[in-house]
Amino acid sequence: TQEAATTGTGKGSSGETVTLQTYQSNGTYYLYDTSKPMDGIIRTYTANQGSSLPGNYVTDADNNFQSSNQAAAVDAHYFAGLTYDYYYDTHGRNSYDNNGSDLISTVHYGSNFNNAFWNGSQMVYGDGDGSTFSPLSGSLDVVAHELTHAVTDTTANLVYQDQPGALNESMSDVFAVIVEAENGDFDWQLGEDIYTPGTPGDALRSLENPELYDQPSHMDDYYNTSADNGGVHTNSGIPNKAFYYIANDIGLDKSGDIYYRALTSYLTSQSDFEDARNALLQSAEDLYGANSTEYQAVSDGYAAVGIG
Ligand SMILES: CCCCC[C@H](S)C(=O)N[C@@H](Cc1ccccc1)C(=O)N[C@@H](C)C(=O)O
Ligand SMILES: [Ca+2]
Ligand SMILES: [Zn+2]
């Protein structure tokens with residue numbers, strides 16, 4: 001059979017045309033990217049509004065994925081590539097597990113599904129209900145958020161409950177902001193491109209002002225609840241705000257290096273917010289020294305949210 005890696009184009013939910021790394025087999029083109037430097041292949045599927053995973057490959061007859069029902073897949077495929085590039089180019093990490101595992105994404109999961117998640121093996125994106133969310137792969141920060149869960153699961157493996165869980169969520173938000181910034185799309189918000197399509201200018205979360213979307217930004221306002229695995233999407237506002245202070249002090253690049261080192265070298269499954277402060281301080285000391293401005297920025301940022 002005739003087979004080859006090919007380069008195609010696609011139109012994402014923003015309406016912009018992007019270049020896609022695809023694969024051609026017997027005259028059909030697949031969202032199957034073998035171009036990454038190590039062996040991680042990026043593969044994108046559709047669940048066709050069902051819930052069986054991974055579903056079916058997204059294919060096209062002419063290597064131009066421009067129909068509206070392909071937009072979510074184009075975004076998932078393209079943004080997964082950008083996120084792979086960030087972890088490889090910035091931190092030398094070969095895919096989410098540093099072992100070259102394939103990056104598998106499935107779009108059109110479920111019916112009006114207002115969420116996206118990492119299921120332990122792959123990324124999964126709902127289409128949203130069109131009011132709360134539009135298709136969730138349409139925002140780079142969502143894709144980077146989900147792929148960072150895969151990095152966390154294969155490193156610190158923070159338990160998805162209470163403070164370790166809120167820290168898990170925060171790490172995903174932190175690297176989502178960094179990956180967007182690396183791609184010329186810096187903001188402190190999460191989900192601004194896909195949240196409430198009918199309401200411009202809002203977002204699901206803000207690291208600059210967590211309170212804007214009902215998150216605390218100080219330990220005094222820690223939200224004790226049994227819902228949402230102990231409020232992991234609420235209490236993430238506290239470490240999120242600490243990151244905002246730190247990155248404002250020393251910049252996103254240095255902050256990203258400190259956070260990556262803490263996540264991959266020091267944090268463990270039960271680490272809480274205090275442990276995060278210590279892991280980040282140790283990482284800052286390793287990288288910049290104990291009396292560095294970077295070390296002081298971490299100390300100040302965590303003190304400002306009532307930790308340490
Ligand atoms: C399905 C089970 C719940 C998994 C929660 C996933 S990891 C998650 O946190 N998803 C993100 C999606 C996201 C990311 C960035 C920006 C916007 C939306 C999330 O925040 N989900 C919210 C809606 C939640 O689960 O409360
Ligand atoms: Ca954003
Ligand atoms: Zn999450």
Side-chain angles (χ1 to χ4, degrees), residues 13-14 47 51 53 72 75-76 79-80 82-83 86 96 105-107 109-129 131-154 156-162 164-197 199-210 212-215 223 225-237 239-240 243-244 247 252 263:
S13 53
S14 68
S51 56
L53 296 172
D75 289 324
F79 290 149
L82 295 185
T83 308
Y86 166 74
Y96 60 87
S105 303
T106 296
V107 295
Y109 174 85
S111 171
N112 294 334
F113 188 64
N114 280 324
N115 223 329
F117 59 97
W118 170 262
N119 78 345
S121 310
Q122 66 162 98
M123 289 163 278
V124 185
Y125 301 96
D127 286 329
D129 59 12
S131 167
T132 304
F133 285 110
S134 46
L136 279 92
S137 59
S139 190
L140 175 55
D141 53 17
V142 177
V143 174
H145 176 107
E146 301 314 337
L147 197 48
T148 298
H149 277 304
V151 174
T152 297
D153 288 1
T154 54
N157 195 22
L158 287 159
V159 171
Y160 204 66
Q161 183 69 37
D162 301 327
L167 199 51
N168 188 324
E169 272 298 303
S170 176
M171 286 295 175
S172 279
D173 284 352
V174 161
F175 285 101
V177 167
I178 292 172
V179 171
E180 275 198 347
E182 285 290 316
N183 286 278
D185 189 14
F186 168 64
D187 58 61
W188 290 115
Q189 305 205 94
L190 269 299
E192 67 280 354
D193 298 338
I194 44 97
Y195 186 62
T196 58
T199 312
D202 68 347
L204 184 64
R205 291 186 290 279
S206 164
L207 276 67
E208 178 174 22
N209 186 356
L212 209 50
Y213 304 113
D214 306 321
Q215 288 188 292
Y223 179 52
T225 178
S226 58
D228 188 32
N229 298 95
V232 299
H233 290 94
T234 302
N235 294 308
S236 58
N240 279 1
F243 171 73
Y244 167 75
L252 287 172
L263 181 64

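Counting convention: from 1, in listed order, for ligands and their atoms alike. Nothing here was measured: the structure is a model prediction, and the numbers come from that model.
Among protein heavy atoms, atom 17 (C) of ligand 1 sits closest to L204 CD2, 3.5 Å. Scanning the protein heavy atoms around atom 1 (C) of ligand 1, the nearest turns out to be F117 CD2, 3.8 Å. Protein heavy atom at the shortest distance from atom 20 (O) of ligand 1 is R205 NH1, 2.8 Å. The protein non-hydrogen atom at the shortest distance from atom 12 (C) of ligand 1 is E146 OE2, 3.4 Å. Of the protein's non-hydrogen atoms, the one nearest atom 9 (O) of ligand 1 is H233 NE2, 2.7 Å.
Residue H233: no N/O/S atom is found under 2.8 Å from the Zn ion (ligand 3).
The minimum distance between the Ca ion (ligand 2) and any N, O or S atom of E180 involves atom OE1. Distances from the Zn ion (ligand 3) to the N/O/S atoms of E169 are shortest for OE2.
Of all heavy-atom pairs between Q215 and G237, the closest is NE2-N, 3.3 Å. Contact between A176 and D141 at its shortest, heavy atoms only, is CB-O, 3.3 Å. Here the closest non-hydrogen pair linking D173 and S236 is OD2-OG, 4.5 Å.
Ligand-side atoms of ligand 1 in range of G191: 16 (C), 17 (C), range being under 4.0 angstrom from any heavy atom. Against a heavy-atom cut-off of under 4.0 Å, A116 is close to the following atoms of ligand 1: 6 (C), 8 (C), 10 (N). Remark: ligand 1 atoms within the under-4.0 Å shell around heavy atoms of E169 are 7 (S), 9 (O). In the vicinity of H149, heavy-atom distances shorter than 4.0 Å reach the ligand 1 atoms 7 (S).
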Carefully, step by step, assess Y125 and E146 under the rule side-chain hydrogen bond (donor to acceptor under 3.5 Å, both in side chains). CA-CA 9 Å; Y125 301 96; E146 301 314 337; over 6 Å; no
Would M171 and H145 satisfy side-chain contact (heavy atoms from CB on, under 4.5 Å), going step by step from the backbone distance to the final call? CA-CA 8 Å; M171 286 295 175; H145 176 107; over 6 Å; no
Please report the C-alpha distance between N112 and D127 in whole Å, then the side-chain angles of each, then the deciding distance to 0.1 Å, and finally whether the side-chain contact (heavy atoms from CB on, under 4.5 Å) criterion is met. CA-CA 6 Å; N112 294 334; D127 286 329; 5.9 Å; no
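Residue D173 has no N or O atom closer than 3.5 Å to an N or O atom of ligand 1. Polar contact check, N115 against ligand 1: a nitrogen or oxygen pair lies under 3.5 Å apart. Among the atoms of D141, none of the N or O lies under 3.5 angstrom from an N or O of ligand 1.
Checking T152 against N168 by side-chain atom types alone, no donor-acceptor pair falls below 3.5 Å. Checking S105 against Q122 by side-chain atom types alone, no donor-acceptor pair falls below 3.5 Å. Using modelled atom types and a 3.5 Å distance limit, the side chains of Y160 and E169 yield a donor-acceptor pair. No side-chain donor-acceptor contact under 3.5 Å links D129 and S131.
Between F175 and Y86, the two ring planes are tilted [angle within 30° to 60°].
Contacts with ligand 1 closer than 4.0 Å are made by side-chain heavy atoms of Y160 only, the backbone lying farther away.
Here the angle at the Ca ion (ligand 2) defined by OD1 in D187 and O in Q189 stands at 70°, rounded to 10 degrees. Vertex the Ca ion (ligand 2); arms to E192 atom OE1 and D141 atom OD2; angle 80° (nearest 10°).
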